[in-house]
2 protein chains.
Amino acid sequence: MRTTAPSEELDCPGGARRPLSCDRIVGAAVAFVEANCLAQLSMRRLGSELGVEAMSLYRYFPSKALLVDAVVCRVLGGLELPAETATDWEPAVRAYARSYRALARQHPDLLPLLAADGGARATATEVEQRMQALWRRAGLTGDGPRRAQRAVQAYVIGSCLQAPAARSEEAEADFELGLEALLSGLRTRLPLSS
Amino acid sequence: MRTTAPSEELDCPGGARRPLSCDRIVGAAVAFVEANCLAQLSMRRLGSELGVEAMSLYRYFPSKALLVDAVVCRVLGGLELPAETATDWEPAVRAYARSYRALARQHPDLLPLLAADGGARATATEVEQRMQALWRRAGLTGDGPRRAQRAVQAYVIGSCLQAPAARSEEAEADFELGLEALLSGLRTRLPLSS
DNA sequence: ACCTGAACACCGTTCAAGT
DNA sequence: ACCTGAACACCGTTCAAGT
């Protein structure tokens, strides 16, 4: 799912400043949000992080909103999706759920944006399609794949948004219990193979 | 769960302007967010909505963040919680889930804040306690009540955050399927009565 | 082609001043 | 006691100008 190379902040030989690019800007924005928080991300601050005036960023992104969308897409690119040939749905869905959770814990500030109906919808829809294909290979038809995936996605996102329980192993165990409950409920309710 | 009377915007007899109060400010903020959106809520605009300078609001709320917390608490107050005596957990949990969903659909902008770990945590914890008490009456002990409630809460919040499916009855059916799957999974995994 | 400076219309918030 | 005005340090964004 990763479609762009990670943008490394290497200096050009001779110390000349590398030119701006969408990739470099998004990389810097992700790093900034990880190091600080989304609320502190401003065009001015991001510009100064890149050694450039805020206004220069507008050559690459017409608005801050579109830049943030690109950041969300980049982060979603880190998701581990099931192989196109996977048919054993249970381990594949568990792996997806845990991958999403890991990603959410790495970018807690971005999570509300991952879930929201924003400009990253295209990428989110791509992810949804890949997961629905898995559910189809597992035997579901019609509304089945969408419903199964939406249920899993809802649970996973909601879990990540919740205030962490006291100890982190506790939170992990809570997450796993709910996930297994949901999967077993889906198994008994939907005509899934195996 | 509603602890404060709804603040009606009635003029005083004689047309004299009613004095400001926390209640009146929160009421106006909720109305503003419903009528516009959270992003447009500013101290200046809210002030002008109340016929007052922005700075006056600081007499009642030391910061915008605390005002928003109060808004979130007010909205959470609209939740239908199970009676303290309810023991039949399934219909009570369904009613809670649907009540939460209804509230989320009425205040889509506030939903991320309801889920987040913000200043409304006290109220959210209160809700959680009430629900955990229900799970305890249903036979759960130890980690059980917390886990059951966190699973339900995760699913409900995540569902509400998801982009609505094409048709709204479709979204409703998707929500119900996942809810029933989760509840039945919890039923088989936890020592619940009935 | 790519970046900058100054400017516009906003923010949250502080503080001294009004009544 | 309660509200206001002016000010500070920020925003996103436009636009004309630099190189």
Side-chain angles (χ1 to χ4, degrees), chain A residues 7 9-12 14-33 35-72 109-110 112-113 116 118-120, chain B residues 7 9 11-12 14-30 32-33 35-72 109-110 112-113 116 118-120:
Chain A
S7 86
E9 285 298 329
L10 297 172
D11 283 311
C12 282
R17 203 174 270 135
R18 268 196 303 153
L20 242 34
S21 70
C22 286
D23 224 57
R24 213 161 87 83
I25 293 170
V26 170
V30 171
F32 183 92
V33 172
N36 303 271
C37 70
L38 184 61
Q40 298 211 313
L41 180 69
S42 77
M43 299 301 266
R44 284 167 156 98
R45 292 188 62 153
L46 182 57
S48 87
E49 211 79 19
L50 286 160
V52 107
E53 294 299 312
M55 311 316 143
S56 307
L57 305 177
Y58 285 86
R59 292 264 151 207
Y60 302 87
F61 295 96
S63 72
K64 185 190 179 185
L66 287 170
L67 200 169
V68 169
D69 288 344
V71 167
V72 172
D109 265 29
L110 261 29
L113 299 179
Chain B
S7 86
E9 285 299 329
D11 283 310
C12 280
R17 203 174 271 133
R18 266 195 305 152
L20 242 32
S21 70
C22 287
D23 224 57
R24 215 161 87 84
I25 293 171
V26 170
V30 171
F32 183 92
V33 172
N36 303 271
C37 69
L38 183 61
Q40 298 210 314
L41 180 69
S42 77
M43 299 301 266
R44 283 166 157 99
R45 293 188 63 155
L46 182 58
S48 88
E49 211 79 17
L50 286 158
V52 107
E53 295 299 312
M55 311 317 141
S56 307
L57 305 176
Y58 285 85
R59 291 267 151 207
Y60 302 87
F61 295 96
S63 71
K64 186 190 178 185
L66 287 169
L67 199 168
V68 169
D69 288 345
V71 167
V72 171
D109 265 29
L110 261 29
L113 299 179

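Just so it is clear: chains get the letters A, B, ... in the order the sequence lines come, proteins before strands, and each one is counted from 1.
Spacing between atom CG of B/N36 and atom P of C/dC11 amounts to 12 Å, rounded to whole angstrom units. We find that NZ of B/K64 is positioned 12 Å from C1' of D/dC11, with the value rounded to whole Å. For the pair A/E53 CD and C/dA7 C1', the computed distance is 14 Å after rounding to whole Å. Atom CZ of B/F61 and atom P of C/dT13 are 13 Å apart (whole Å). With rounding to whole Å, B/L57 atom CG is found 15 Å from C/dT14 atom C1'. Remark: P of C/dT13 and CZ of B/R59 are 15 Å apart, rounded to the nearest angstrom. Atom CE of A/M43 is separated from atom C1' of C/dC10 by 16 Å (rounded to the nearest Å). Summarising the geometry, the separation between CG on A/L67 and P on D/dT13 is reported as 10 Å, rounded to the nearest angstrom.
No side-chain heavy atom of A/V68 sits less than 4.5 Å from a side-chain heavy atom of A/L110. For the pair A/L50 and A/R24, the minimum side-chain heavy-atom distance is below 4.5 Å.
A distance of 7.5 Å separates CD1 in B/I25 from CE in B/M43, rounded to the nearest 0.5 Å. The distance from atom CG of A/L46 to atom NZ of A/K64, rounded to the nearest 0.5 Å, is 9.5 Å. Between the CZ atom of A/F32 and the CG atom of A/L41 there is a distance of 6.0 Å, given to the nearest 0.5 Å.
Residue A/Y58 places no side-chain N or O under 4.0 Å from the OP1 or OP2 atom of D/dC15. Between B/S56 and D/dT4, a side-chain N or O to OP1/OP2 separation shorter than 4.0 Å is present. Within the structure, every side-chain polar atom (N or O) of A/S63 is placed at least 4.0 Å from both OP1 and OP2 of D/dG12.
Note on A/Y60: only backbone sugar-phosphate atoms sit closer than 4.0 angstrom, heavy atoms only; bases stay farther off.
Nucleotide D/dC3: unpaired (no Watson-Crick or G-U wobble partner with both distances less than 3.5 Å). Across all strands shown, C/dC10 forms no Watson-Crick or G-U wobble pair with both distances under 3.5 Å.
Proximity note for A/V52 (side chain, C-beta onward) versus D/dG12, D/dT4, C/dC3: the nearest is C/dC3. Among D/dT13, C/dT13, C/dG5, the nucleotide with an atom closest to any side-chain atom of A/R44 is D/dT13. Listed nucleotides D/dT13, D/dG5, C/dC11 differ in distance to A/M55; the shortest reach to its side chain belongs to D/dT13.
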